[in-house]
Structures are given as C-alpha cells and as structure tokens.
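Side chains included, hydrogens not; waters and symmetry mates left out as well; all remaining heavy atoms used.
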Amino acid sequence: MLSAKIKEATKVGHQETEKKVVLRIKGISNDADYVELLKCFYTYFKAVEKAIAPYIETVLPDYRERRNSSYIKADIEALGGAADELPVAIAPEVNDAVQAMAALYVLEGSIMGGPYIVQMLQKKGIEKGFSFFSGYGAESGQKWGSFTAVLNALPENELDKVKAIDTANETFCRFGDVFDGADLLASSRLG
C-alpha cells in the first residue's frame, strides 16, 4: 500500500520536521508565542493548499470538509493575532493528483497529531486557539482511513508511487524550512 510506503520512506523527514515543531512548542510561554507557531502552520498549509487545488477535489470528494488553513487563521485571530508577517513558505512541486495526495498526506498526518500538540500547549497554560489542532475528534480514524483509501487506490504504476514518495519527502522538507525561516524572521525583528 502506498500510504505504508510513504510512511516508511518519509520517516527521517517526518522526524526532523517533528523535532522542529516540538522544539518550538517547548519555547512557548504565552499566547503570542503560540501565534508564532500557528503562523508557520498557516503559511505552509496555505501554500500547499494552493499547489494542490487544481488536482485534489476530483480525487478526494470530502476535501472541503477537511481541516485547512482557514482553521489556523481563525485560531490566530482567536488568540488576538493577525495572519501577517508570515515566514516564507514554498510548497512542493505538484503537477497531478498523485502528487497532490502525497503532499496532503503530510498535512493530514499533522492534523492527526494535533491532539498531542493541544496537550503539550495546555500544559504550558495555553487555553484557546485549538480549532485546527483538535482535528476531527471522534471522526479522526474514519477521516484518516478514507484519505488513505483514496491515496492507496490512486497510483497506476511504479512511477506514480515514486513521484508520491518524492513529493511527500519534499513536503516534509519544505515544512521544516518554514520553521527555520520563522527563526530567521524573529531574529531580524530583534536585531
């Protein structure tokens, strides 16, 4: 199954990106810090959503019902922030439905991990701005299952599988780059 191949092939990129997110969460001490974390997610999700838009709705019928950057923007605003002064985000190259689903695999996976992020933030005293990271609640398993079913059925040949794995790896890599860019942006504001 393609989803299992992507999971295995992106393990290193996933771990590296996750380390950056966790490190950022550990540095959060107030709502403003949390807004800065959300800005990283917002700018990247928005970039990837734009890249996959021409291809995704034809293959994933419930795409519009899924969590997206609008939820992140709402959380930023609920915390008193604004979706401006964003770090640079560069989406992976997406030229077809297979690549679109591979990029979305990374985004959907981060949504599945959202409840753990909420727990970490609550331990730091953050009390609101969780509409995005709360994910799909009781429907999470079903949403992930329906997503992976479409992903697994999509590739028509080995080249499609290779493209999907490459796109997922690029998606993780570029997501991690957003956090590096946010650190540079914050340093330039201080300096």
Residues Arg67 and Ser110: side-chain donor-acceptor under 3.5 angstrom: no
With a 4.5 Å cut-off on side-chain heavy atoms, are Lys143 and Asp62 touching? yes
Given side chain to side chain contact (heavy atoms under 4.5 Å, CB included), test Leu121 with Phe130 step by step and report yes or no. CA-CA 9 Å; Leu121 292 165; Phe130 301 135; 3.9 Å; yes
Strictly by modelled atom types, are Asp33 and Ser29 linked by a side-chain donor-acceptor pair under 3.5 Å? yes
Is the side chain of Arg66 donor-acceptor paired with the backbone N or O of Glu108 at a distance under 3.5 Å, no angle test? no
Can you tell me if Thr58 uses its side chain to pair, donor with acceptor, with the backbone of Tyr55 under 3.5 Å? yes
Check this for me: Glu139, atom CD, are more than 12 non-hydrogen atoms of other residues, nucleotides or ligands nearer than 6.0 Å? no
Is it true that the side chains of Tyr136 and Glu65 contain a donor and an acceptor less than 3.5 Å apart? no
Under 6.0 Å from the NZ atom of Lys73, do we count more than 12 heavy atoms belonging to anything else shown? no
Ignoring hydrogens and geometry, is there a side-chain-to-backbone donor-acceptor pair from Tyr105 to Ile165 under 3.5 Å? no
Would you give the length of the straight line joining atom OH of Tyr116 to atom CD1 of Ile25, rounded to the nearest 0.5 angstrom? 13.5 Å
For Val94 and Ala103, the nearest pair of non-hydrogen atoms, with its separation, is CG2-CB, 4.4 Å
Evaluate the side-chain proximity of Leu104 to Tyr63: yes if any heavy-atom separation is below 4.5 Å, no if none is. yes
Looking at every non-hydrogen atom in both residues, tell me the closest pair between Ser134 and Pro115 and how far apart they are. O-CG, 4.4 Å
Does Glu156 have more than 12 heavy atoms from other residues, nucleotides or ligands lying within 6.0 Å of its CD? no
Considering all heavy atoms of both residues, which atom of Asn152 and which atom of Ser3 are nearest to each other, and what is their separation? OD1-N, 2.7 Å
Assert yes or no for the condition that the ring centre distance of Phe41 to Phe175 is strictly below 6.0 Å. yes
Any side-chain heavy atom of Ile6 sitting closer than 4.5 Å to one from Leu151? yes
Can a salt bridge be assigned to the pair Lys161 and Glu158 using a cut-off of 4.0 Å between side-chain N and carboxylate O? yes
Quick one: pull up CZ in Phe172 and CD in Glu18 and give me the separation to the nearest 0.5 Å. 8.5 Å
Report the distance from atom CD1 of Ile52 to atom CD of Glu57, rounding to the nearest 0.5 Å. 9.0 Å
Please examine the side chains of Glu93 and Thr167, heavy atoms only from C-beta on, and report whether any two atoms are closer than 4.5 Å. no
Below 6.0 angstrom between ring centroids: does that apply to Phe45 and Phe132? yes
Check: Glu49 side chain, Ser69 main-chain N or O, donor-acceptor pair, under 3.5 Å: yes
Ion pair check, Lys39 and Glu36, cut-off under 4.0 Å: yes
Got Ile28 and Ile126 here, is their nearest side-chain heavy-atom distance under 4.5 Å? yes
Does the side chain of Asp160 reach to within under 4.5 Å of the side chain of Leu154, using non-hydrogen atoms? no
Please report the closest heavy-atom contact between Pro92 and Val48, naming both atoms and the distance. CD-CG2, 3.9 Å
How long is the straight-line distance from CD1 of Ile90 back to SG of Cys173, given to the nearest 0.5 Å? 10.0 Å
Less than 4.5 Å apart, side chain to side chain, heavy atoms only: is that true for Tyr42 and Val178? no
Is the closest side-chain heavy-atom distance between Tyr34 and Lys124 below 4.5 Å? no
Is Lys128 reaching over with its side chain to a backbone N or O of Leu79, donor-acceptor style, under 3.5 angstrom? no
Can you establish whether the number of heavy atoms outside Lys163 located under 6.0 Å from its atom NZ is more than 12? yes
Closest non-hydrogen atom pair between Ala91 and Ala47, with its separation: CB-O, 3.5 Å
So, taking the atom named CG in Asp177 and the one named OG1 in Thr17, what distance separates them when rounded to the nearest 0.5 Å? 8.5 Å
For the pair Thr171 and Tyr44, evaluate side chain to side chain contact (heavy atoms under 4.5 Å, CB included) and give the outcome as yes or no after the intermediate values. CA-CA 10 Å; Thr171 305; Tyr44 192 65; 3.5 Å; yes
Gln99 side-chain N/O to Asn95 backbone N/O, donor-acceptor pair under 3.5 Å: yes
Go through the steps to decide whether Phe179 and Leu37 satisfy the test side chain to side chain contact (heavy atoms under 4.5 Å, CB included), and finish with yes or no. CA-CA 8 Å; Phe179 292 95; Leu37 171 76; 3.8 Å; yes
If you look at every heavy atom in Asp75 and Ser131, which pair is closest and at what distance? OD1-OG, 2.7 Å
For the hydrophobic clusters of this structure (ILVMFWY residues joined by side-chain heavy atoms under 4.5 Å, transitively), does one cluster hold both Val22 and Val35? yes
To the nearest 0.5 Å, what is the distance between CD1 on Ile111 and CH2 on Trp144? 9.5 Å
Checking Thr43 side chain against Cys40 main chain: does a donor-acceptor pair fall under 3.5 Å? no
